[in-house]
Protein chains: 2
Amino acid sequence: MRTLSPPVGLPALADTDLVGQVARLLTQAVVEGRLAPGSKVVEAGIARELGVSRAPVREAARLLEQQGLLVASPRRGFFVRKFAADDIDDIYDLRLCVERHAAVLAARNLTPETRDMLRRQIDVLHQTADLEDPARQVEEDYRFHRLICEIAANRRLLRLFDDLASEMRMVIGLIGRLYDDPHEIARTHEPVLAAIEQGHPERIVAHIDYHIGHAWREVGKLVREIPA
Amino acid sequence: MRTLSPPVGLPALADTDLVGQVARLLTQAVVEGRLAPGSKVVEAGIARELGVSRAPVREAARLLEQQGLLVASPRRGFFVRKFAADDIDDIYDLRLCVERHAAVLAARNLTPETRDMLRRQIDVLHQTADLEDPARQVEEDYRFHRLICEIAANRRLLRLFDDLASEMRMVIGLIGRLYDDPHEIARTHEPVLAAIEQGHPERIVAHIDYHIGHAWREVGKLVREIPA
DNA sequence: TAAGCGTCGATTGTCGACAGTTTAGTCTTG
DNA sequence: CAAGACTAAACTGTCGACAATCGACGCTTA
C-alpha cells in the first residue's frame with residue numbers, strides 16, 4: 001500500500017534552482033544578441049550582475065556549452081559561439097534528419113486531438129503574422145515543429161529538437177530579421193500538415209524537405225550576407 | 001582589431017582538465033556497471049575518492065546528466081540512470097534516424113581512402129571476434145559506425161552519435177553479455193558497407209535499417225529479460 | 001500495530017578565497 | 001617606429017566552509 005500522500009496534481013512548486021535560472025537568463029542574453037558572438041563571457045561579471053557567486057554561473061555556462069551556445073577554451077573562459085556558414089549547414093542538415101523522422105512518427109501516432117493541435121497552431125501562425133513581433137513569430141513557428149516532435153513521442157528526439165532550436169534561434173537572432181514574409185511562412189506549413197494527415201511516408205518526407213529546405217536556403221543566404 | 005584568439009577552439013589538446021578527467025572516470029564507472037543503475041552518486045564520496053574537491057565533480061556530473069548517464073534530482077543529488085524498455089526504443093529509434101542519414105551522406109562523400117578505412121575496420125571486427133573481450137568488441141563495433149558519421153562530415157551529427165553511443169554502451173554493459181555471436185555481428189556489417197559503396201539511398205537505408213533493427217530487437221529482448 | 005510527528009546525521013547548494021595562468025598595457029631596444 | 005620583453009591587473013580553476021534541506025530512525029498516539 002502506498003503511504004505517500006495522494007498524487008493530487010500539485011504543480012511541483014518552482015524550484016529556486018539557481019543554475020537553471022542563470023542558464024535561462026544567459027540563454028536569453030545570447031539569443032537576443034545582447035552578448036555578441038565571439039565575445040568573452042566573464043564568470044565574475046555575470047555573477048556580480050546577477051548577485052550570485054561564480055559556482056552557479058560556471059555550471060550554467062557548461063550547460064550552454066553542451067547546448068552549443070557557448071564554447072569553452074580551457075584557462076581562457078567561455079565565449080559566445082560564432083556561426084560560420086558551415087555551422088548553418090550542419091544545423092539545418094541535422095534538423096532535416098530529425099524532423100523527417102519526427103513527422104513520419106507523428107503521422108503514425110496522429111489522433112484527432114493531436115491533429116487539431118497542429119491545425120490550431122497554424123491558425124496562431126496566421127494570427128501572429130499580422131503582429132509586428134518577429135520574436136513571437138519565430139517562437140510560434142518553432143512551436144509548430146516542436147508539436148510534431150511531441151506527437152512523435154520520443155523524448156530524446158524532443159530534447160534534440162530543443163537543442164537544435166536554441167541554436168537556430170541564435171542564428172535567427174543575429175540575422176536580426178525574418179527570412180521571409182510571415183504570412184508566406186505561415187502558409188508553407190499547411191502542406192506539411194496535409195502530408196502528415198494523409199500519411200504516406202515519402203510524401204511526408206518530401207514536404208518536410210521542401211519546407212525546411214526553403215528556410216535553410218533563405219537563412220543561409222542571409223548569414224552569408226552578414227559575415228562576421 | 002581583436003586580440004582574443006578565434007574561439008574556433010577545436011584543438012583542445014592536453015587536458016590537465018580536471019573536470020574532463022572526472023567525467024571520463026565517472027563515465028567508465030557507469031558504463032562498466034561499477035555504479036549500479038538507480039544508485040545515488042554522492043558528490044563528496046566521489047570527490048574524496050579521487051582526491052579533489054566537490055566543484056569539479058559537480059560539473060562533471062552535470063555533463064553526464066546532459067549526456068543522459070545520470071539524472072539530477074534537485075536537492076537530492078545525482079542518480080545513475082535507470083533504463084526502461086521505452087528508453088531502449090527511444091534510443092535505438094533515434095540511432096536509426098541518425099545513422100540512416102549519416103550513411104547516405106557518407107556514401108555521397110566516400111573516397112577511396114575513407115572506403116578503405118571502413119573495410120579495415122570490418123577486418124578489425126573479425127579479428128577481435130576471436131578474442132574473448134566483449135568490451136573491446138563493442139568498442140570496435142561502435143568505431144565502425146562512428147567512422148560512417150565522421151565521413152558524413154557533420155560535426156553535430158557526430159557529437160549526437162557519441163552521446164547516443166555512451167548510452168548504448170551503458171545498456172550493453174548492464175546486459176553483461178553480447179547480444180549475438182561476435183563473428184555474426186562482424187559479418188552483418190559487410191552488406192552495410194556494400195550498400196554505401198553502391199550508393200543508392202534506398203538501398204543504403206534498407207541495409208542500415210536491417211542491421212540496426214537486428215541489434216534493436218536483440219538488445220530489447222535481453223533488456224526485457226532482465227527487468228530492474 | 002500501524003500511521004504520523006519530531007529529531008538528528010548526512011548531503012546538497014552556495015559562497016568567498018587563494019594560487020596559477022592569461023591578457024593588456026608599458027617600456028625597452030634595434 | 002616596430003617588435004619584443006616585462007609588469008600589473010584580471011580571470012579561471014580549485015578548494016574548504018557554512019547554511020539549508022533531505023532521508024532515516026525512533027517515538028508518540030490512536
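Only this structure's heavy atoms are used, side chains among them; waters, hydrogens and symmetry mates stay out. Proteins get letters first, then strands, A, B, ... in listed order; numbering begins at 1 in each.
- The pair A:R143-A:E139 fails the salt-bridge criterion, with no side-chain N (NZ, NE, NH1 or NH2) lying under 4.0 Å from an Asp/Glu carboxylate O.
- Looking at A:E43 and A:R76, no side-chain N of the basic residue comes within less than 4.0 Å of a carboxylate O on the acidic one, giving no salt bridge.
- Using a 4.5 Å cut-off on side-chain heavy atoms (C-beta onward), A:H101 and B:R100 make contact.
- Using a 4.0 Å heavy-atom cutoff across all strands shown, B:V22 reaches no nucleic acid atom at all.
- Remark: C1' of C:dG20 and CG of B:L18 are 14 Å apart, rounded to the nearest angstrom.
- Considering only side-chain N and O atoms, A:R75 lies nowhere under 4.0 angstrom from the phosphate OP1 or OP2 of C:dG20.
- Look at CD on B:E43: it is 11 Å from P on C:dT11, rounded to the nearest Å.
- In this structure, A:K40 does not reach the C:dT23 phosphate: none of its side-chain N or O atoms is under 4.0 Å from OP1 or OP2.
- The span of DNA chain D lying next to chain A, judged by atoms under 4.0 Å from heavy atoms, is bounded 5' to 3' by D:dC11 to D:dT14.
- Of the possible donor and acceptor atoms, none in the side chain of A:T114 sits under 3.5 Å from a partner among the backbone N and O of A:L110.
- Whole-Å rounding puts the B:E59 CD to C:dG13 P distance at 13 Å.
- At least one donor-acceptor pair closer than 3.5 Å links the side chain of A:N154 to the backbone N or O of B:D90.
- Here the side chain of B:E32 pairs no donor or acceptor atom with the backbone of B:G173 at under 3.5 angstrom.
- Surrounding CD of B:E49 are at most 12 heavy atoms belonging to other residues, nucleotides or ligands under 6.0 Å away.
- Using a 4.0 Å cut-off on heavy atoms, the residues of residues 46-57 of chain B that approach DNA chain C are B:R54, listed by number.
- The side-chain tip of A:R81 points at the ring of A:F83 from less than 6.0 angstrom away and within 45° of straight on.
- Remark: P of C:dG20 and CZ of A:R76 are 21 Å apart, rounded to the nearest angstrom.
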